[in-house]
Amino acid sequence: MSPRTAWLILEDGTAFRGRAVGAEGERFGEAVFNTALTGYQEVLTDPSYKGQIVCMTYPHIGNYGVNEEDAESGKPWLEGFIIRELSPIASNFRAQEALDAYLKRYGVVAIDGVDTRALTLKLRQQGSMKGGISTTAADPQAFLKRVRAAPNIVGVDLVKQVTCVKPYEWSVEGSAARQGPQVVVMDFGVKRNILRQLAAQGCRVTVVPATTPAQEILARHPEGVLLSNGPGDPAAVTYAVETIQDLMGQVPIMGICLGHQLLGLAFGAQTVKLKFGHHGGNHPVQDLTTRKVDITSQNHNFAVDLDTLPDQRAMATHVNLNDHTIEGMRHQELPIFGIQYHPEAAPGPHDAQHLFGRFFEAMQAHA
Amino acid sequence: MPKRTDIKKILIIGSGPIVISQACEFDYSGTQACKALREEGYEVVLVNSNPATIMTDPEMADRTYIEPLTAEILEKVIEAERPDALLPTLGGQTALNVTVQLAERGTLERYHVELIGAKIDAIKRAEDRSRFKQTINAVGLDVPKAGYARTLQEARDIQQKLGFPCVIRPSFTLGGTGGGVAYNTEEFERIVKLGLELSMTTEVSVEESIIGWKEFELEVMRDCADNVVVVCSIENLDPMGVHTGDSITVAPAQTLTDREYQEMRDAAIKIIRAVGVETGGSNIQFAVHPDSGRLTVIEMNPRVSRSSALASKATGFPIAKIAAKLAVGYTLDELPNDITQQTPACFEPSIDYVVVKIPRFAFEKFPGADPTLTIQMKSVGETMAIGRTFTEAFQKGLRGLEINKDGWDFTGDVAPDVLKQKLAIPTAERIFYLKPALQQGLTLDELYALTKIDRWFLRQLYTLVEEEAALKAAAEPMKAALEAPPGGARQAGATETLRRAKQYGFSDRQLARLWDVEEGAVRSARTRWGVLPHYYLVDTCAAEFEARTPYYYSTYEQPVLQLDPATAPKAAAAPAEHKRKVIVLGGGPNRIGQGIEFDYCCVHAAMALRELGIEVIMINSNPETVSTDYDTSDKLYFEPVTLEDVLNIVQREQPEGVIVQFGGQTPLNLTTGLAKAGVKILGSSPETIDIAEDREKFKQLLEALHLRQTPNGTAMTQAEAQQTAHAVGYPCLVRPSYVLGGRAMEIVYDDEQLKRFAQVAFEVSPGFPVLIDKFLEDAIEVDVDVMGDGETFVIGGILEHIEEAGIHSGDSAMVLPPHTLTDETVEELRGAARRLAQALKIIGLMNVQFAVKDDAVYVLEVNPRASRTVPFVSKAIGVPLAKVATRAMVGQSLAAQGVTKEIIPPFMAVKESVFPFSRFAGVDILLGPEMRSTGEVMGIDEDFGRAFIKSQLGAGQLLPRSGTVFISVKNRDKRAVILVAQRLEEMGFQLVATRGTVKTLQRYGVHAQLVNKIHEGRPNVLDLIKSGAVQLVINTPSGRLPRADEVQIRSAATTLGIPCITTMSGAQASVNGIGALLKHQMSVKSLQAYHELLRV
C-alpha cells in the first residue's frame, strides 16, 4: 500500500507528493501540460519535449501500453513525466509492454497520483516554469533548491542534443519503390511520422544533422527541404537560421514547428515565448485563404512574431482560432512556407496532413 | 458564413411522449434549439404532444402546438403556419420518421418548406440499412457482413451464408425494437417475422454476429463549410450485443491508442460527409475486434440523440444548440464556445476527468419480461457521474442510480457455477456479480472469456476489490481514529487512508459499513481532517483556458503543498456575499414513476428564482435533462442526489435553503437527513411532509377535518396484515411505505393473495409498515393540485381519471376540467383540498388524490410536493404552477403574484399515458395499481371526444374510423358493453366476439359475428388479429388473475400496433372519441391561442 514516494516541485515552491513510477532519480526541466486524450507514447518519444517535464491532463495514462509501431523516435526524450493515474495493466491488441516497464527501461523518471488539474491551472495562470521530479529526495526543501538551480531552457540550444549524428536515408516502409522527389529533412529533432508522411507522398527522404551547411544539402540535389520540428528556443539555433537563409530561393522549403520558427528567424522576424505554449490535439487552425478549419496537433512554447518582419517578404496563412496567434506563413514569391503545428499529427487529428500535399505540389511546380 | 436571412419561420418537431429510447434528452435538445433560433431572431413554431416538456412551455416558441405527431396533423400545422423551413433533427427518431412521411406525401413541396440540418436523402442514407451499407462501403469502410430481406425466405437465404449466431435488425424502428440475436432456426424465424412486422419498410437486416467486440461511439458535428469536429468519444464497458442505451458507457474512450482513435475519427468524418448530413450533429457507432483491431461501422443517427445529450453534458459542448445555429447557416468558427467565451466552438473538447453513464432498469415492474440485455433497449433512464478516475466516477454513478446501492456493492453468497452463468449472460445485475467473482479469485482472463468486458475495465474493478480489502483490514484503527475525541493527536495515517478511499469513490456509507461506524462519524471526521471534495469544472478544455460557466463535479485529490512561504498565496478574504442563494434538488435518473415531469418542475424552480435575482444551484445526476443544462441555473453540480453529496455542496455554498418538493421522491427522501443536519427546507415544513407520509398522523388529521378516508390500517407482520385486511374488508389495496409509482402495489381479494403481496411489500421497504386500504371498486379517482403560500391556497386543477379506481394515477388517462362529476362533487373536492392545504400549511405545491363513489368523496392520499400532473395542469390553465410555488417558497405571497383564483378552461384537456409493453414481449398490458407508463401526451380540443382522440393519436393508439372491432369482456362489464357496441354498430363498425358476448349482444339487437376462443379450434381470434382483420380490441380481464389466452390476445394486439382497450371506461371514452373523429375534421390550435381564451 505504500509505494515509493516521489516529489514534483516547481520553482515557485509548489509541491506535489505522489508515487514514484518509472526510473529512480531526479530530473529537471520546464514543466508543461499536454491536453491530448490519447497518444502518451508519441508524446514520450517526441524529441521536441527535450528539456521539459510533461504533465498529461488526461488522468488515466498507460491504458493501452506501449508498442514499437507508435514510437516517434528511438527513445523517450523528455526529462520527466507527470501522471494522475498510471494504469496497472496494458490492454490493447498491439501492446508490447506496460508503460511503467517502458519508463524504467528508458530511465524516464515519472510520478503519479498528482493533482494534474491543479498543476495545469497553476501553469496556465503563472506560465511555464521550471520544475523537478525526484524519487530519491528525502528533504523537499533541499530539492526545491536544486530545482531553482537547474538551467533554464530559454536561450539554450537543445537541438544539438537530439539531432542525428550523420545523414541517413529514411528507408523503411518500401522506400525502394519510391520515385518521387528527393527531400532533405533537416533534423532538429524530427518525428518519424513526418518522414512517414513524406514517404507516403512518394518522396525519397534523406535526413541530415541540424548543423549541415547549405552547400552540403544542396549537393544532394534536393527537390525540397523540410525543416523539422524540434525542442527549445529557436533563437539559440543560429547556425540553422544561416543555413536556411542560404537555402532560400534555391529550393522549395517547408518548415514544421521549430522548423517554422527558424524559417521566421530566417525571414528576419523575431520569436517570442508563449506563456504556457500549445500542447495538445484539439486546436482549431483556420486557413486564411480557404477559411477552412483544421483541428490540429500542437506542441510549441515559442512562436514567430510576424509583426517584427523587416519587410513584406512573408505573409500569414494560418491562424489559431483559440488565441489568434499566427500559425502558418509563406513567402510572398518563393515556394517557402512554415506551419507552427503538426500536420504529421501522431498524436492528434489527421486534418492537416494535406499540407504535405501542398509541399509536394510546390516541389513539382518548381521542378 | 453569416446566418441565413431568406428564412424567417422555422418548424421544430419534438419527440412526443417519453418512451424507452426517447426520453428527456429530446426536451433538452429541443429546448436548446428553440432558444438558439429565437436568439437569432427566427420565428419558431414547435409541435410536440408531450406536455411535460420545457420545450412546450408557451414562452419557448412563438407558436406551440401540443398536438399528435402524425403526418396528417403536422400537415395541418404547416398549412396554418406556413413555415419556411423544418428542422427535423432534434426530435429523435419520431421527428425523423414523420418528416420522411411529410416529404413522401408531398407536404413539404406543396407548402415550400425547406428541410434544414439534414435533407431527406441523407436521412434515408443513414436510416435505410442497405443504403447505409452501400454508402459506407463506397468510402472504403467496413460494415458487418449482412444482407437485407423483405420476406422470411430472403432472410433464410442470407442466414445460410452467415451461419449462427446472427443479428436481426428491422429497418426504421425505435431503439432497435424487434431486433434480436438468433442462435438457432426457431429463434431466427421468430425474430425475423416480428422484425418484418415492426419495420416501417417491412425490411430486416440479417448480419454477421459481432457480439463481444468492443463498442465505441463518436459524436460528430459538421457545418455548411464542411468543417467537421468530433465532440466526444464514448467507449462501452458492455461489449457489442448489449444496446448502447443499456450499456455502461465511459467517456472518453479508454483503450484505444492514438493511432486507432484517429483511424476511427477519420472514418467518422468520412461517414458524415458520405451520408451527407449537411449541418449539425450525428452519432456514429463502431465495433472493434478485440484481437485484430478490425474496425466496422455499426450505425449512424443523422440527428442529435441520447448519446449527444450525454456527450454535451460530459464535455460542456452544447451539441443541440450548436446544431440549431449551424442549420441556419453559421459555421463552427463563427460560434463561440459558451464555456470559455474566448475560444470558438470549432474545436474538440479535451477533458481531464472520466464520465460514466449507467442505465437504470425497471424489470421489477414487468414480471415475466426477459431481463437479458440484448440489442433492443430496455432501460428506462440513466445516471451520469463524473470523477477524476474511472473508479471514482463508477462508484458515484452507482450510488446515484438509487437502487439501494451506496457504490459497487454486492451482498450475499453466490455459488461458483451460478456466478459463471450470471457473468456470461448480460443483465442489469452482471456488473455487481463481477465483484464476488473478483473476490473469489477469478482471473481477468477468465472473466474476460465470460463477459468480453475489456481487461482494462476488469482491472479497474479489481483495484476496487483490492482497495476495499485494504480498507476492511484497517477497520480497527480506523474505527478508533474516527471515534477518538476531537482535538486528540493528529491522525495522519487515518487521514491518508480516508482520502485514498474517497479518491476511489467510496461513499461515506460504504466506509461506515466497512469500519462499523455511523455514516455521520465518517462525515464529521472528513470535516475535521480536511478530507473534503474539490469541486472541479467541466470546462471543455482540460483547464487550458479560463471557464466562465460554473458547471462542477466533485472529486478528491491530494493536497497541493507550498514550500516557499514567500510565494504562498495569501488567503484572500472571501468577498462578502449578499446575494440570496437557493439549492434545487433534482430527481436523479428517470424511472417509471419519476420522470420528466419532475425535472420540468425543477427547471421551473430555477427559472423563477433567477427571475427574482436569487442565485440558483442545481444538483442532479441525470444527463438527459434540461435541469442539467448549465444554462438552466447559476451553478450546476453534476452529482448524485444522495445525502452525502448534497451536504457536501451545502457546506460549501451555504444557501439560505434547499428545495426538495420538485424532484420527486428522491429529494423528498433526503428531507429528514437534511433537516437533521440543520439545513433549511424551503416550502412546506418537514413536519408537513411527515404528517402526509405518516399514516397515523394523517388519519388523525383527516378525522379532525371531518374528511372521509377509506378504512385502512398498517401491518408490520403477516399476521397483522391479515388482521387489518379482515378489519377493512376485501378487496383491499396493499402497498409498501415510501415508494413512488405504485411499486409493489396490489389489489387483493382474499387471504392467499394478501399473503403473497404483503410479502413483496415487506421486501420492497424493509423495516417499514405495509399499508392496507379498503379498495373501492368502480370508484372514480380524481387528482387535485393545489398551490399555497402558507396562508392562501389556490386550486391549480381538478383532474378526473378516465379509468376507474385501482389503476395507478400515473397510468390513468385524465380529463381537465372533470367531464362526468357533478358540480356538487367538484365543489366538495375543492373544499376538501383547500382544507387539507390549510391544515398542512402548504407552502408550494400539494397533490391530493380522491376517490368518488356513489357521490361520496374519499381522500386516498396527500403529497405535499409537486406531482406528475403539474406540467399538464400548467399547460391547461396557462399558469406555471411550479414557478408560482417556488416564488411562494422564497416569500412571495400568492396575492402578490396575482394568483388568486382557480382557472377553469373553456376547453377540454386530456392526459394519456404511454406504455413500454412492446419492449417486453409476453408481458400483459393490463393496467393496475403498479405504475408502468413511461410518459404522457396531451390532447386539447373544444370537446371531450376530440381532445380524447388527440390524446390517443398522440399516444400511438390509432383508433380506427371503420373496420372490425373484437369485443370480449368480463361478465360484470357485459351490461356496460352493450351501449358501446351499439354506438360502434351505429358508426358502421363490424363486431366480432366470443360466444358469451355474442349472446349478450344479440339479446339487445346488436349483431356480432362469432369467433373461436383460442382453445376452441382454428381459425380463432388470434388468427383473426394476426391476419389484420381486426382494427380495435376491447378486452377487459375476466378474472382476478388474467387468463393466459387473454394475455395472448392483448400481447398480439400490442405487438401489431392494434389499439387494445382493457377497461370499460376506456372503451366508453374511445367510442366517444371515434364519434368525434367521424363527425369533425381534425383541426389544430396553438397553445398560445388556447391561453388567449383563458384571458377573456
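Chain identifiers are assigned alphabetically (A, B, ...) following the order of the sequence lines, protein sequences preceding nucleic acid strands; residue numbering begins at 1 within each chain. Being a predicted model, the structure only gives us computed values, none of them experimental.
In this structure, a donor-acceptor pair under 3.5 Å is present between the side chains of B/Glu260 and A/Asn92. Side chains of B/Arg388 and A/Thr116: a donor-acceptor N/O pair is present below 3.5 angstrom, by distance only. The closest side-chain donor-acceptor pair between A/Ser91 and B/Arg459, if any, does not fall under 3.5 angstrom.
Interface check for chain A: of the options B/His289, B/Glu496, B/His534, B/Gln262, the most heavy-atom pairs under 4.5 Å are formed by B/Gln262. Contact count against chain B (heavy-atom pairs under 4.5 Å) is highest for A/Pro349 among A/Gly39, A/Pro347, A/Pro349, A/Pro284. Of all the listed residues (A/Pro140, A/Pro88, A/Ala118), the one sharing the greatest number of non-hydrogen pairs under 4.5 Å with chain B is A/Pro88. Here A/Glu69 is the residue among A/Met56, A/Gln41, A/Glu69 with the most heavy-atom pairs under 4.5 Å with chain B. With chain A as the partner, the residue from B/Lys214, B/Arg259, B/Arg455 showing the most heavy-atom pairs under 4.5 Å is B/Arg259. Your options are B/Tyr462, B/Phe457, B/Phe545, B/Phe347, and the one with the most heavy-atom pairs under 4.5 Å with chain A is B/Phe545. Heavy-atom pairs under 4.5 Å with chain B peak, among A/Gly113, A/Ala15, A/Ala95, at A/Ala15.
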Exercise for the section: Start with the C-alpha gap between B/Ile351 and A/Leu37, add the side-chain angles, then the distance that decides, and say whether side-chain contact (heavy atoms from CB on, under 4.5 Å) holds. Expected result: CA-CA 7 Å; B/Ile351 64 183; A/Leu37 295 175; 4.3 Å; yes
Handout entry: Evaluation steps, side-chain contact (heavy atoms from CB on, under 4.5 Å), between A/Asn322 and B/Thr340
Key = CA-CA 10 Å; A/Asn322 281 345; B/Thr340 63; over 6 Å; no
Problem - Verdict with reasoning, B/Glu544 to A/Thr57, per side-chain contact (heavy atoms from CB on, under 4.5 Å) - result: CA-CA 9 Å; B/Glu544 187 174 3; A/Thr57 60; over 6 Å; no
Handout entry: Worked check of side-chain contact (heavy atoms from CB on, under 4.5 Å) between A/Val114 and B/Gln558
Key = CA-CA 7 Å; A/Val114 171; B/Gln558 292 294 331; over 6 Å; no
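Checked by atom type and distance alone, the side chain of B/Ser350 pairs as donor or acceptor with a backbone atom of A/Thr35 at under 3.5 Å. Panel note: side chain A/Gln141, backbone B/Leu563; a donor-acceptor pair is recorded below 3.5 Å. Panel note: side chain A/His60, backbone B/Phe390; a donor-acceptor pair is recorded below 3.5 Å. B/Asp258 places a side-chain N or O within 3.5 Å of a backbone atom of A/Gly348 that can act as its donor or acceptor partner. Using a distance-only test at 3.5 Å, with no hydrogens or angles considered, no donor-acceptor pair links the side chain of A/Arg94 to the main chain of B/Thr257.
Look at A/Arg117 and B/Glu557 and you find no salt bridge, because none of the NZ, NE, NH1 or NH2 atoms lies under 4.0 Å from a carboxylate O.
With a 4.5 Å cut-off on non-hydrogen atoms, B/Asp291 touches chain A through its backbone but not through its side chain. With a 4.5 angstrom heavy-atom cutoff, B/Tyr261 touches chain A only via side-chain atoms. Interface residue A/Ala346: only backbone heavy atoms are found under 4.5 Å from chain B. With a 4.5 angstrom heavy-atom cutoff, B/Tyr448 does not touch chain A via any of its atoms. When heavy atoms are compared at a cutoff of 4.5 Å, B/Leu537 approaches chain A by way of both its backbone and its side chain. Of the two parts of B/Asp223, neither the backbone nor the side chain holds a non-hydrogen atom closer than 4.5 Å to a non-hydrogen atom of chain A. With a threshold of 4.5 angstrom between heavy atoms, B/Val228 approaches chain A through N, CA, C or O but not through any side-chain atom. Using a 4.5 Å cut-off between heavy atoms, A/Phe276 contacts chain B through its side chain alone, with no backbone atom that close. Only the backbone of B/Leu256 comes within contact range of chain A, judged by heavy atoms closer than 4.5 Å. For chain B, the nearby part of A/Leu144 is the side chain; its heavy atoms alone come within less than 4.5 Å. Residue B/Gln342 touches chain A through its backbone alone, counting heavy-atom pairs closer than 4.5 Å.
To the nearest 0.5 Å, atoms CD (A/Glu85) and OH (B/Tyr504) are separated by 4.5 Å. Rounded to the nearest 0.5 Å, atoms CG (B/Leu561) and CH2 (A/Trp7) are 5.0 Å apart. The distance from atom OG1 of A/Thr38 to atom CE of B/Met264, rounded to the nearest 0.5 Å, is 11.0 Å. Between atom CG of residue B/Asp564 and atom CD1 of residue A/Ile9 there is a gap of 11.0 Å, rounded to the nearest 0.5 Å.
Annotation for B/Val354 and A/Tyr58: closest pair CG2-OH, 3.4 Å, computed over non-hydrogen atoms. Smallest separation of non-hydrogen atoms from B/Val560 and A/Phe16: CG2-CE2, 3.5 Å. Of all non-hydrogen atoms in A/Val293 and B/Cys346, the two that sit nearest each other are CG1-SG, 3.3 Å. Among all heavy-atom pairs drawn from A/Phe93 and B/Ser292, the shortest one is CE1-O, 3.3 Å.
Side-chain atoms of B/Gln460 and A/Asn63, non-hydrogen and from C-beta on, never get closer than 4.5 Å to each other.
Within residues 120-133 of chain A, the residues approaching chain B closer than 4.5 Å by heavy atoms are, in numerical order, A/Thr120, A/Leu121, A/Arg124.
Enclosure of atom NZ in A/Lys275 by more than 12 non-hydrogen atoms of other residues, nucleotides or ligands within 6.0 angstrom is indicated.
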